[in-house]
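Here the structure is a predicted model, which means the values were calculated and not measured.
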Amino acid sequence: MALTTRSELYKRALELIPGGVNSPVRAMRAVGLDEPFFVERAEGAHLYTVDGGRYLDWVMSWGPLIFGHADPETVEAVREAALRGTTFGASTEAEVELAAEIADAVPSIEKVRLVSSGTEAAMSALRLARGFTKRDRILKFAGGYHGHADALLASAGSGLATLAIPSTPGVPSAVTADTIVCPYNDVEAVAAAVLRYGEGLAAIIVEPVAGNMGVVPPADGYLEALRQLCDASGALLVFDEVITGFRIARGGAQERFGVTPDLTVLGKIIGGGLPLAAFGGRADVMEQLAPSGPVYQAGTLSGNPLATAAGLSVLRRLRDESVYEELERKGARLEAGLAGLGRVRRVGGMLTLFMTDRGVRNFEDAQTADTERYAAYFRHLLDGASTSRRRSSRRCSSRSRSRTRTSIARWRPPVSSAANG
């Protein structure tokens, strides 16, 4: 017998899946929910749950669905690709076409390698940076998320610019020993770290617009300073544009802010809702990858034909500047509507509501936001939707009652543990 209710599904999931979810953020414990959502289907801007709820979705699978759920053009592209085969383990024309689309859009990318996830892309980009520079250390920023590779699951020790310690059990201290952590938007801390560790520094990796800590824009001159510090030390500058890529501009943050990194990490939108990511950059750096060079990286499903079909369907339509004009318009409207509830930080189609009256420039600031108040607001919206549904049931047929609940289903907590749903 099929399991049809949220509680039944969650009980069964707990028996089979750790925590009942396949990615921790989906548990929604940060907003005080006892059970996660179980989605039956989605269309356009709305999610439909197994309990018959209909919710306005502000998250869109954590970013990939720039044209909404079940976008007809994307679905048709995937269907046509599936009829030709779901995977080949060999090269296809679509891989080349998608690589060309990415290289045409992103200023830093001369050559690109397709992979299957943002974690894989970031991990591989840093391996390449180490192989190219023949150095070991990397510098990241507190609150930044670049996937769950061991060396990147690091938190700051004491002081402003320190060698990192593991932030989760299972990561050996030796793995994070070459990871340096600095506060985001603090040029002086980065300069001090480069002065101290620069001779062994392979790369600085940064979300050019912070996303994992909540949306925090770069301060004026911050990205330019990172570029200058990398040039001075011989380290590579790596932009993690998994979230910002193709969202805040077709060419991502590097186009919007006019700063070109050496390597770029991409994901989410470039797969059109299917598992696909990429990393790319300067040709002389990328040529160090196997089989051209000695730095090994591989993937059985890299450039999967279904994912490349979805990605091409989406990226080709993003050549139209009116898409970004509309994102800007809707983002500004949402920002204005939420402004009375706290501090809203927005860059284009990225936005976070922080329950605070103070400015938010880095992870430390983000942590001062009132997350309990935020969680209460989240639950209030869901409760309000339930109340609205009960009221409407008195004047709706049983068929229409199951689709009357419309509210905000999911919203990124201002301080979350991951940038992936």
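In plain terms, the two heavy atoms of T179 and V175 that are nearest each other are OG1-O, 4.4 Å. Closest approach of S61 and L65 over heavy atoms only: CB-CD1, 3.9 Å. Heavy-atom minimum distance, F88 versus P305: CE1-CG, 3.8 Å. Nearest heavy-atom pair across A202 and T133 is CB-OG1, 3.3 Å. The two residues I243 and M350 make their nearest non-hydrogen contact at CG2-CE, 3.6 Å.
For residues 350-364, every residue pair satisfying the salt bridge (Lys or Arg N to Asp or Glu O under 4.0 Å) rule, not counting sequence neighbours, is listed here: R358-D365.
Remark: side-chain polar atoms of T86 are not paired, donor with acceptor, to backbone N or O of A82 under 3.5 angstrom. A donor-acceptor pair under 3.5 Å links the side-chain atoms of R130 to the main chain of D136, judged by distance alone. Judged purely by atom type and a 3.5 angstrom limit, R346 has no side-chain atom pairing as donor or acceptor with the backbone of T352. With T244 contributing its side chain and V209 its backbone, the two residues share no donor-acceptor pair below 3.5 Å. Side chain of S233 to backbone of G198: no donor-acceptor contact under 3.5 angstrom is found. Remark: side-chain polar atoms of T308 are paired, donor with acceptor, to backbone N or O of N304 under 3.5 angstrom. Looking only at distances, a side-chain donor or acceptor of R135 sits under 3.5 Å from a matching main-chain atom of L201. In this structure a side-chain-to-backbone donor-acceptor pair under 3.5 Å is present from R127 to Y296. With hydrogens and angles ignored, the 3.5 Å screen pairs a side-chain donor or acceptor of T5 with a backbone N or O of E8. Using a distance-only test at 3.5 Å, with no hydrogens or angles considered, a donor-acceptor pair links the side chain of N185 to the main chain of A219.
R319 has a carboxylate O that lies under 4.0 Å from a charged side-chain N of E101, or vice versa, which qualifies the two as a salt bridge. Ion pairing of R113 with E95 is absent here, as no side-chain N (NZ or NE/NH1/NH2) approaches a carboxylate O to less than 4.0 Å. Salt-bridge annotation for R12 and E15: present, with a side-chain N of the basic residue lying under 4.0 Å from a carboxylate O of the acidic one. Under the 4.0 Å criterion applied to side-chain N and carboxylate O atoms, E255 and R250 are not assigned as salt-bridge partners. Look at D51 and R6 and you find no salt bridge, because none of the NZ, NE, NH1 or NH2 atoms lies under 4.0 Å from a carboxylate O. A salt bridge links R256 with E328: the closest approach of a Lys/Arg side-chain nitrogen to an acidic carboxylate oxygen falls below 4.0 angstrom. One finds a salt bridge joining E76 and R79 here, because a Lys/Arg side-chain nitrogen approaches an Asp/Glu carboxylate oxygen to under 4.0 Å.
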Verify salt bridge (Lys or Arg N to Asp or Glu O under 4.0 Å) between R41 and E43, making sure each step is shown before the conclusion. CA-CA 7 Å; R41 65 183 182 89; E43 182 178 357; 3.7 Å; yes
Residue pair R227, E224: steps toward the salt bridge (Lys or Arg N to Asp or Glu O under 4.0 Å) verdict: CA-CA 5 Å; R227 176 72 275 173; E224 291 86 347; over 6 Å; no
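For the residue pair T49/E40, the side-chain donor-acceptor check at 3.5 Å is not satisfied. Using a 3.5 Å distance cut-off with no hydrogens or angles, the side chains of H46 and D57 do not pair a donor with an acceptor. One side chain, S108 or Q254, offers a donor N or O that lies under 3.5 Å from an acceptor on the other. For T74 and R317, the side-chain atoms include at least one donor-acceptor pair closer than 3.5 Å.
Annotation: side chain to side chain donor-acceptor pair (under 3.5 Å) contacts of S322 (sequence neighbours excluded): D320.
Here the straight-line distance linking atom CD of E207 with atom CD of E241 works out to 10.0 Å at 0.5 Å rounding.
Side-chain contact between C182 and V190 is present, with heavy atoms from C-beta onward closer than 4.5 Å.
Between Y184 and Y222, a ring centre-to-centre spacing shorter than 6.0 Å is recorded. Ring-centre distance between Y55 and F37: below the 6.0 Å cut-off.
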Pairs under 3.5 angstrom only: tabulate donor-acceptor contacts from the side chains of residues 114-122 to other protein residues two or more places apart or in another chain.
residue: S117; atom: OG; partner: E120; partner atom: N; Å: 3.1
residue: T119; atom: OG1; partner: H148; partner atom: N; Å: 3.2
residue: E120; atom: OE1; partner: S116; partner atom: N; Å: 3.1

